[in-house]
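Notes follow the structure.
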Amino acid sequence: MASVLDVQSLSVEFQVNGRYLPAVTNVSLTIEQGETLGLVGESGCGKSVTSLAITRLLSKTARVNGKVLFSGPDPAQRNPVPSSGPEEVSARNVRERELLTVRDKDMQDIRGNEISMIFQEPMTSLNPVYKIGSQISETLLLHQNISPRQAFSQSLEMLKKVGISRPEQIMHQYPHQLSGGMRQRVMIAIAMACNPRLLIADEPTTALDVTIQAQILELMKGITRDFGTSLLLITHDLGVVAEMCNRVAVMYAGEIVEQGSVDEVFFNAKHPYTVGLMNAIPKFDATSKERLQPIEGNVPSIARMPKGCRFAPRCPHVMKQCVEQHPDLFEVENGHQSRCWLSVEGEA
Amino acid sequence: MLKYVIRRILEAIPTLLGVTIISFILIHIVPGNPVRVLLGHHYTAERAAALSRSLGLNKPVWEQYFIWLGHILVGNFGYSYVYNKPVVQMILQALPHTLAIVVVAVLAAHLFAVFLGSVQAYFQDTVFDQVVTVINYFLYSMPSFWLGLLLVIFFAIDIRWFPSGQIINVNDPHPGFLDWLHHLILPVASLFLISVAGWARYMRSSMREALLQDYVRTARMKGAKEFRVVFVHALRNSVLPLVTMLGLSLPGMVAGALFVEEIFNYPGMGLLYWNSITNLDYPIIMAVTVFLGIVTVLGNLLADILYGIIDPRIRYR
Ligand SMILES: Nc1ncnc2c1ncn2[C@@H]1O[C@H](COP(=O)(O)OP(=O)(O)O)[C@@H](O)[C@H]1O
Ligand SMILES: [Mg+2]
């Protein structure tokens, strides 16, 4: 059976002052049914741009190349009611489509229905002038042939599923009356209302308090498991990846620099950038002398990408070759890849 | 809500008082003496002194002011010097005409601006958007009285579609609503044209701003069509600044109406105002000032209430 999402050589350039600048270069990744893939990297590495390119929500100044293959249920045979248990999609009624070339109309049918997104900013992601109830119902009404009454009661059910207390009241409230955590729960309810096959969560907990973060992650874990939804979880926090993901792709300066199963990447990290990120994770058992070691330097701006390895200027193991030649994504082990000259077989 | 309205009205009282004081001082500074105007060539020093005394003009200005204030507080606006009619009666005759022009023009201009600005945002950066922007800019930079004159010359004098002045056709023994409307069109049109351009520009930028917001991205994420994104999600948020402007722009609109009435010889508050200034008809000048002040305050209040209806964040505060 085909992967739910199969991104092949995705590149995004932005037109800035007449020049096209590379924000995302040659990104390939796959997500299987029910799997959670983590996409990690510091801020400015191109994670959001990647996710917005997949859903075609980028501005007109973006030029996107590559392929985004999505296999979703055939619209003709889809069960419109979100079932309480995992939805089994058999190979027979699955259809693969290339999202970068489908018509706008088809993309609108896919968004919110088969692919949904949650964003980083719960405080501003809901429309301030409409009630919570109508904002959830809207998704249902856009994609399913049901009455407003039915949409309302299904929305109420969704609010219960995302663990909101007093859901009847919340349905009639406005976003500004809710806390950040509650709003993110509402966003999850909106995103999951139509039982999508793929959920993309772009730093869904970054803007929240630590205790709320854990609750929201727990909720996402549970709800994607119950619905059988695949999850692309974008984060800059490797701790979140360890908690939530099956596989992980590490992104740096618009490229994937390391990719593999979470165990492989965590216990056998190959790329110096990944190693750097791991050293920057706060350890609870650390003595006060074992300080965090953030990687020195900054992510390069898309206007001045290094010619060779993009991490070379910050890399502790930089060699002459790194500055001159751009490394490929080398296979280290089955399913574990690293974009580093040190990872070339026999050299490490 | 009621509390809020009452508070706003109370807050407006000092402003209104200030306006009346300034007007009172201004009309007494302006060269000219109403007594001289009234007596014309019957003027003699004795008659002037007698008339001055009977109108109370011989007293110091501050005393005159307090006498006037005491009177209007009990609803007595006095009599016109020139027409010898109760001022309230004259104003009540003129006010509906002015209100009609202003209300129709403001509403029409706003609705059209909201529509045009949204459509422009929907067709962002297309040729349509650019052409409308240029036309808007052209209209925006045009002085109102000049535009009014152009309209009179073209529609009333050249092609004679609309009357150039007056409120009703004096030759018509039974002037009706349609006739009234016919006379209303040109003044409203000139007021509409000068204000719509500015508001449409404002609406366009407010709309473009709204379309960059996170909740608009959410709407697109849900699979909403671009039409729905613009006219349902962004529109209601982007009219908010426009509604604020509605309140702020009212004094300007009323002032514009005064000019327009002069050009079209339209018997509203404007014409009454101009004539009374020429004649130094103090009671009318002061009364018109007070009425326009009240209308402005009420208009602002109305805009605030409207804002609360559109924006739940205001309503619940
Ligand atoms: N619309 C845009 N125009 C130009 N550059 C952009 C645009 N959006 C993002 N970028 C650039 O692309 C790079 C990646 O951004 P982003 O995907 O938001 O990073 P992150 O990994 O933090 O989500 C950044 O350098 C950013 O400045
Ligand atoms: Mg981001």
Side-chain angles (χ1 to χ4, degrees), chain A residues 48 51-52 54-61 104-132 134-144 172-177 183 186-187 190-191 193-194 196 199-202 207, chain B residues 114 118 120-130 203-244 303-317:
Chain A
S48 299
S51 66
L52 294 171
I54 292 170
T55 46
R56 277 182 39 187
L57 288 173
L58 286 170
S59 63
K60 283 181 199 137
T61 57
D104 283 352
K105 167 92 183 52
D106 293 334
M107 197 62 215
Q108 281 152 6
D109 287 343
I110 291 172
R111 274 191 223 123
N113 192 22
E114 295 170 32
I115 302 181
S116 275
M117 264 184 102
I118 313 171
F119 305 103
Q120 182 175 345
E121 308 83 7
M123 300 313 276
T124 50
S125 289
L126 293 166
N127 195 323
V129 300
Y130 294 109
K131 289 181 180 165
I132 300 299
S134 75
Q135 298 199 46
I136 306 174
S137 304
E138 182 182 18
T139 321
L140 291 159
L141 290 169
L142 281 170
H143 298 292
Q144 298 178 7
H172 296 287
Q173 294 196 331
Y174 290 93
H176 72 273
Q177 297 169 280
R183 291 190 212 186
V186 171
M187 278 301 289
I190 291 173
C194 291
L199 176 67
I200 301 178
D202 188 354
Chain B
V114 167
S118 312
Q120 272 186 279
Y122 182 72
F123 292 106
Q124 218 171 95
D125 299 321
T126 59
V127 176
F128 169 80
D129 182 23
Q130 283 156 2
M203 183 65 193
R204 174 177 176 269
S205 66
S206 168
M207 197 72 179
R208 289 172 73 113
E209 171 91 26
L211 285 172
L212 296 175
Q213 301 301 309
D214 289 340
Y215 60 80
V216 163
R217 189 181 56 189
T218 303
R220 294 200 175 111
M221 180 278 284
K222 290 177 176 178
K225 295 185 178 43
E226 198 54 24
F227 184 84
R228 193 178 162 81
V229 169
V230 170
F231 288 91
V232 174
H233 285 275
L235 181 69
R236 189 154 160 194
N237 284 283
S238 54
V239 289
L240 290 174
L242 210 71
V243 172
T244 320
D304 276 355
I305 293 170
L306 202 61
Y307 199 104
I309 291 174
I310 302 176
D311 190 345
R313 286 165 295 188
I314 303 293
R315 213 182 314 160
Y316 284 85
R317 202 148 56 198

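Chain naming here is simple, since letters A, B, ... match the order of the sequence lines and numbering starts at 1 in each. These figures come from a predicted structure and were not determined experimentally.
For Ala219(B), no part sits under 4.5 Å from any heavy atom of chain A, backbone or side chain. With a 4.5 angstrom heavy-atom cutoff, Met187(A) touches chain B only via side-chain atoms. Heavy-atom distances place the backbone of Leu126(A), and not its side chain, under 4.5 Å from chain B. Both the backbone and the side chain of Asn127(A) come within contact range of chain B, with heavy atoms under 4.5 Å apart. If you measure heavy-atom distances from Thr55(A) to chain B, you find no contacts under 4.5 Å at all.
In this structure, the side chain of Lys222(B) engages the main chain of Gln135(A) through a donor-acceptor pair within 3.5 Å. Tyr130(A) places a side-chain N or O within donor-acceptor distance of the main-chain N or O of Val232(B), the cut-off being under 3.5 Å.
The two residues Thr218(B) and Ser125(A) have their closest heavy-atom pair at OG1-O, 2.6 Å. When every heavy atom of Glu226(B) is checked against every heavy atom of Gln108(A), the shortest pair comes out as N-NE2, 4.1 Å. Shown here for Val129(A) and Ile310(B), the closest heavy-atom pair between the two residues is CG1-O, 3.8 Å.
The structure places NE2 of His176(A) at 8.0 Å from CZ of Arg313(B), a figure rounded to the nearest 0.5 Å. Going from atom CG of Asp125(B) over to atom NZ of Lys60(A) covers 6.5 Å, rounded to the nearest 0.5 Å. Put simply, CG on Asp109(A) and NZ on Lys225(B) are 6.5 Å apart, with the number rounded to the nearest 0.5 Å.
Counting heavy atoms from C-beta on, the side chains of Arg217(B) and Phe119(A) come closer than 4.5 Å. Put simply, the side chain of Asp311(B) does not reach to within 4.5 Å of the side chain of Pro128(A), judged on heavy atoms.
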Check your understanding: Can Glu138(A) and His233(B) be said to form a side-chain hydrogen bond (donor to acceptor under 3.5 Å, both in side chains), step by step?
Key -> CA-CA 11 Å; Glu138(A) 182 182 18; His233(B) 285 275; 2.7 Å; yes
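When each of Ile110(A), Ile118(A), Leu57(A) is scored by its heavy-atom pairs under 4.5 Å with chain B, the top score falls to Leu57(A).
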